[in-house]
Every structure is written in structure tokens, then in C-alpha cells.
Number of protein chains: 2
Amino acid sequence: MTAERLSKERLRLWLRMLRVTRQVESTLRERLRTEHDTTLPRFDVMAALYADGNGLKMNELSRRLRVSNGNVTGIIDRLVEDGCVERIAIEGDRRATRVCLTDAGRASFSKMATEHERWINALFEGVAEEDAHHIGELLHRLPTPLHDAT
Amino acid sequence: MTAERLSKERLRLWLRMLRVTRQVESTLRERLRTEHDTTLPRFDVMAALYADGNGLKMNELSRRLRVSNGNVTGIIDRLVEDGCVERIAIEGDRRATRVCLTDAGRASFSKMATEHERWINALFEGVAEEDAHHIGELLHRLPTPLHDAT
DNA sequence: AAAAAATACTTTAAGCTTAAAAATTTTAAT
DNA sequence: ATTAAAATTTTTAAGCTTAAAGTATTTTTT
């Protein structure tokens with residue numbers, strides 16, 4: 001009977017995580033759209049590029065963001081159109097390209113990131129530091145397929 | 001300085017939640033696809049209908065799942081094609097329709113739900129009952145736009 | 001060197017998602 | 001009763017997402 005209850009409790013936890021995550025994502029999407037005329041996937045890609053000064057291969061972006069190759073192709077296409085990133089040939093391997101933020105892209109992301117942190121901080125206002133830390137640790141310890149370097 | 005650290009800690013928490021949620025969703029998608037030839041959005045819609053014996057209006061479905069009206073329209077279209085749900089006219093209001101699971105849909109969902117709970121239970125293996133409960137409570141207490149009845 | 005396998009990326013087809021606009025129908029105001 | 005406003009749903013346009021197939025290039029095997 002205890003296993004049964006544990007299973008139900010974990011299911012409830014999952015449903016709540018899902019609900020909170022979707023709500024936060026939805027809020028972020030809305031604000032990125034109205035205040036920065038961009039989308040969450042674009043923001044995520046730019047964040048990955050911003051964190052890594054030298055740019056990333058399509059490949060690495062795809063793995064880091066856990067989305068399909070084809071998906072990254074489309075997002076980068078649009079970011080290039082917008083002048084936020086550029087594809088740079090890799091000497092010695094004509095299959096791959098390195099994607100870098102342009103100066104404009106870097107400046108634009110920098111502004112968004114500051115606000116993004118403020119938004120998150122406000123949305124999670126009810127979470128005290130030790131709770132944030134505790135939950136973070138727990139999430140970090142989840143079995144293999146679920147976590148990864150962060 | 002403490003506010004600064006708190007903000008960073010909350011941001012870290014958010015990023016981890018996002019990562020775990022995406023990973024779990026990705027696993028669920030994959031299994032629903034390969035083992036039940038369906039998708040997560042279809043599953044979510046069927047879950048909402050299953051929980052409510054009398055069917056729901058498009059309207060209610062949209063609000064309950066927190067997705068746009070137009071989105072629900074498309075998913076229901078496909079579920080109707082598959083014979084899982086049906087649209088039933090509401091007498092007295094020709095604008096709205098009530099969506100109900102068919103017998104086949106109910107049977108199909110019932111099977112999936114059992115497995116779904118098993119999958120979740122396995123994915124969250126590292127979370128003890130008191131932790132699940134604790135985190136669940138915290139998530140539940142988040143400020144207004146973030147939570148809702150569940 | 002030629003063939004096979006692996007790697008990096010793009011394309012395609014199908015479906016999900018949203019916001020905004022449109023179409024219908026109902027309710028409220030005048 | 002007419003008109004205006006609100007409610008319910010669908011349509012549309014744009015973009016996100018995936019799996020699978022396709023293209024080009026590099027590496028490994030034979």
C-alpha cells in the first residue's frame with residue numbers, strides 16, 4: 001500500500017511541476033513577445049551562445065538545448081535573418097558551421113537576460129533561498145536520464 | 001547582496017525545473033508515440049475528459065489545459081478522426097459543443113493512464129515521499145498566476 | 001584507392017502552438 | 001424590436017517541434 005501511495009504522490013508532484021513550468025513558460029513567452037519581439041526558443045538559443053564565447057556548432061546547440069537538429073536549423077535561420085547570429089565556416093570541415101552571436105545579438109540578449117532574471121525572481125517570490133536550494137538539489141539528484149550538467 | 005544571491009538561486013531552480021520537466025515530457029512523448037501511437041497533447045486532452053464524466057466544452061478544455069482555443073480545435077479534430085472523442089451539440093446554445101470520450105477512447109485512455117503512472121513513478125524514483133510532498137506543497141504555494149486548483 | 005561507415009547538417013511531412021481575425025449565436029441595452 | 005456587446009468556436013498566418021529521409025563531407029575499412 002505504501003508503494004501505491006508513493007506512486008500517487010510522485011504523480012501529483014509531476015503534475016504540479018508541469019503546471020508551474022507551463023505557467024512560467026507562458027509568462028516568459030508573453031513578455032519576450034511583447035517587450036522584446038522575440039520568442040522563448042530564440043531566447044534559449046541566444047542564451048546558449050552567450051554563455052559560450054566562441055560560438056557553438058549546430059550539433060552542440062542541438063545537444064545542449066535537447067532539441068532536434070532540424071529544429072535548430074529553423075531557429076538559426078530566423079536569428080540570422082534578424083541579424084542576431086551568424087554562421088561561420090569551420091576550416092577543415094566543410095560539413096559543420098559555427099554559430100556566433102553578432103554584436104547586435106549579444107547586446108540584445110544582455111538586456112533580455114537582465115529582465116529575464118527579474119521576471120523569474122518575481123514569479124518565484126514565494127520560494128525562500130533554502131527551499132530553492134533544497135528543491136534544486138533534489139531535482140539535480142534525479143536518476144540518470146533526467147539530469148545533466150548545469 | 002542577499003537579494004542578489006536569492007535571485008540567482010531562484011533562477012538556478014527555474015532552470016533545473018525546466019530541464020527536468022522537458023526531459024520527462026520528452027520521455028513521455030516518446031513512449032506515447034511508440035507504445036500507444038499517440039501524442040502528449042492528445043493524452044492531456046483525454047485525461048481532462050476522463051476526469052470529468054460528462055464531457056467538457058471546448059472552452060472549458062482550453063481553460064483547464066491552459067492552451068489556446070484554436071489549439072484545442074485542432075487536437076479535437078484529430079481525436080474525432082481517430083474515434084476517441086465526439087462532439088455533441090448542446091441544446092439551447094448552438095455556439096458551443098460538448099466534447100466526450102467515446103467508449104473506445106475511454107478504454108484506450110484507461111490503459112495509457114496506468115502505464116503513465118508507472119513511467120512517472122520510475123522517473124521520479126529518487127524522490128522520497130516526504131520530499132515529493134514537500135516540493136508539491138511549495139509549488140502549490142507559489143504566487144497567484146502560477147498555481148491553480150489541482 | 002575504393003567502398004563503407006560515420007558525421008554534420010538540411011529538408012520534409014505531420015502535428016503542436018499562439019495571437020489575431022472572422023463567423024455564429026446569444027445576451028444585454030436602448 | 002433593434003442594436004450593441006459578449007460569448008463560443010473556428011480559421012489563419014507564423015513559428016516551433018519531431019522523426020525520418022536526404023545531401024554533402026569526412027573518416028575508417030578493406
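Below, read A as the first sequence line, B as the second, and so on, with proteins coming before strands; counting in each chain starts at 1.
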Separation of dT25(D) P from Arg94(A) CZ (nearest whole Å) | 5 Å
Which angle, rounded to 10°, do you find between the first-five-pair axis and the last-five-pair axis of the helix from dA1(C)-dT30(D) to dT30(C)-dA1(D)?
-> 0°
CZ/Arg98(A) to CG/Asn59(A) distance, rounded to the nearest 0.5 angstrom?
-> 14.5 Å
Would you mind classifying the nucleic acid contact of Ser62(B) as base, sugar-phosphate or nothing, using non-hydrogen atoms under 4.0 angstrom?
-> nothing
Pair Arg16(A)-Glu137(B), side-chain contact (heavy atoms from CB on, under 4.5 Å): steps then yes or no = CA-CA 9 Å; Arg16(A) 278 188 188 165; Glu137(B) 280 307 303; 3.8 Å; yes
For Arg29(B), report the nucleic acid contact type (base, sugar-phosphate, nothing); a contact means any heavy atom under 4.0 Å.
-> nothing
Considering all heavy atoms, the nearest Met58(B)-Val72(B) contact | CE-CG1, 3.6 Å
For Val127(B) and Leu6(A) the tightest heavy-atom approach is O-CD1, 4.0 Å
Arg63(B) side chain N/O closer than 4.0 Å to the phosphate oxygens (OP1, OP2) of dT9(D)?
-> no
Could you check whether Arg87(A) gets within reach of a base, just the sugar-phosphate, or nothing at all, counting any heavy atom under 4.0 Å?
-> sugar-phosphate
Please assess Thr39(B) against Arg33(B) for the test side-chain contact (heavy atoms from CB on, under 4.5 Å), listing each intermediate value before the final yes or no.
-> CA-CA 6 Å; Thr39(B) 67; Arg33(B) 186 176 62 83; over 6 Å; no
For Leu13(B) and Gly136(A), which heavy atoms make the closest approach, and how far apart are they?
-> CD1-N, 3.9 Å
Smallest separation among heavy atoms of Ser62(B) and Ser68(B), with atom names | OG-C, 3.7 Å
Using atom types as modelled and distance alone, determine if a side-chain donor or acceptor of Thr34(A) lies under 3.5 Å from a backbone N or O of Glu30(A).
-> yes
Rounded to the nearest angstrom, tell me the gap between atom CG in Leu65(B) and atom P in dT9(D).
-> 14 Å
Within this structure, what is the CZ-to-C1' distance between Arg95(A) and dT23(D), rounded to whole angstrom?
-> 13 Å
NA contact type, Arg22(A), heavy-atom cut-off 4.0 Å: base, sugar-phosphate, or nothing?
-> nothing
Chain B on DNA chain C: first and last contacting nucleotide, 5' to 3', under 4.0 Å to a heavy atom?
-> dG15(C) to dT26(C)
With the threshold set at 4.0 Å, does a side-chain nitrogen-carboxylate oxygen contact exist between Asp44(A) and Arg22(B)?
-> yes
Should the pair Lys111(A)-Glu35(A) be classified as a salt bridge under the 4.0 Å nitrogen-to-oxygen rule?
-> no
Pick out which of Glu9(A), Lys8(A), Arg10(A) makes a side-chain hydrogen bond (donor to acceptor under 3.5 Å, both in side chains) with Asn121(B).
-> Arg10(A)
Looking for any heavy atom pair under 4.0 Å, which part of the strands does Glu30(A) touch: base, sugar-phosphate only, or nothing?
-> sugar-phosphate
Here the residues of residues 70-82 of chain B within 4.0 Å heavy-atom distance, strictly under, of DNA chain D are Gly70(B), Thr73(B)
Contact class for Asn69(B) (heavy atom, under 4.0 Å): base, sugar-phosphate, or nothing?
-> base
For Asp93(A) and Asn59(B), take the nucleotide of DNA chain D holding the closest heavy atom to each; which residue's nucleotide lies nearer the 5' end?
-> Asn59(B)
